[in-house]
Amino acid sequence: MKDLDVQDLLEYSRAAVAVLRTLQISDSTMTYADFARAIGILEGPTDKWRAWHRQQTDAVLNAVAAIELKARKKSMPLEYTRIVAKRTGIPGKGIAKSSKIVRKLRNTSSHD
């Protein structure tokens with residue numbers, strides 16, 4: 001498993017915002033594996049999906065949600081539910097912007 005450093009997480013997060021916006025504009029969804037490939041976590045068409053890739057995509061989506069929450073300039077809200085599980089076609093349970101980092105930020109942002 002390749003650990004994500006700060007630069008990786010930021011670069012993937014930037015790409016994730018573009019992908020999420022594109023999905024929203026086109027009113028479509030994407031599987032986690034396709035999302036990972038689109039933002040660069042999976043490198044090339046031959047790189048295979050592994051369990052840790054889900055952890056990495058979750059980390060990226062959580063980082064994006066935290067950044068979105070902290071941003072002072074509010075734009076079109078991102079729709080995280082556009083990333084879906086391959087087997088079920090529905091978003092993962094943790095995709096509702098309720099991760100621990102986002103909950104902590106929500107609690108501290110009221111004191112700004």
Side-chain angles (χ1 to χ4, degrees):
M1 174 173 137
K2 177 186 170 195
D3 289 329
L4 301 180
D5 64 18
V6 173
Q7 185 170 343
D8 293 331
L9 195 54
L10 289 171
E11 288 175 8
Y12 294 144
S13 295
R14 185 178 175 116
V17 171
V19 170
L20 288 168
R21 293 252 189 261
T22 300
L23 291 172
Q24 195 169 346
I25 290 166
S26 65
D27 193 25
S28 55
T29 60
M30 179 179 275
T31 66
Y32 283 92
D34 289 339
F35 177 74
R37 190 165 276 107
I39 66 172
I41 289 175
L42 288 177
E43 299 170 359
T46 59
D47 199 0
K48 297 204 185 288
W49 178 260
R50 307 276 187 230
W52 66 80
H53 290 124
R54 175 62 190 264
Q55 294 171 337
Q56 291 173 332
T57 56
D58 284 350
V60 170
L61 290 167
N62 287 332
V64 170
I67 293 165
E68 180 184 26
L69 183 67
K70 243 357 208 178
R72 297 218 183 256
K73 181 181 175 186
K74 302 298 180 193
S75 57
M76 179 173 55
L78 296 171
E79 296 177 359
Y80 300 90
T81 55
R82 298 208 174 259
I83 309 302
V84 298
K86 184 177 182 175
R87 279 182 269 156
T88 63
I90 59 174
K93 290 181 182 178
I95 216 68
K97 295 200 285 186
S98 61
S99 68
K100 185 176 180 180
I101 188 171
V102 175
R103 286 193 312 270
K104 281 185 176 181
L105 284 170
R106 278 194 185 123
N107 292 336
T108 60
S109 65
S110 62
H111 303 302
D112 287 349

Can you give me every donor-acceptor pair (side chain of residues 34-43, partner residue at least two apart or in another chain, under 3.5 Å) with its distance?
| from | atom 1 | to | atom 2 | distance (Å) |
| --- | --- | --- | --- | --- |
| D34 | OD2 | T31 | OG1 | 3.3 |
| R37 | NE | G44 | O | 3.1 |
| R37 | NH2 | D47 | O | 2.7 |

Gap separating the [atom1] atom of [X] from the [atom2] atom of [Y], nearest 0.5 angstrom:
{"X": "L61", "Y": "R54", "atom1": "CG", "atom2": "CZ", "result": "8.5 Å"}
{"X": "Q56", "Y": "Y12", "atom1": "CD", "atom2": "OH", "result": "7.0 Å"}
{"X": "L69", "Y": "L78", "atom1": "CG", "atom2": "CG", "result": "11.5 Å"}
{"X": "T29", "Y": "E79", "atom1": "OG1", "atom2": "CD", "result": "11.5 Å"}
{"X": "I67", "Y": "L10", "atom1": "CD1", "atom2": "CG", "result": "6.0 Å"}

Problem - Side-chain touch I83/T57, heavy atoms, less than 4.5 angstrom - result: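 Side-chain contact under 4.5 Å: no.
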
Handout entry: Contacts of S75 that satisfy side-chain hydrogen bond (donor to acceptor under 3.5 Å, both in side chains) - sequence neighbours left out
Key = R21

Problem - Heavy-atom pair of closest approach, residues D8 and D3 - result: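 Here D8 and D3 meet closest at OD2-O, 3.8 Å.
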
Problem - Cluster overlap V84 with V64, hydrophobic side-chain contacts below 4.5 Å - result: no

Handout entry: Exam field: side chain R82 to backbone M30, donor-acceptor pair closer than 3.5 Å
Key =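 Not at all, since once roles are kept as given, no pair shorter than 3.5 Å links the two residues.
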
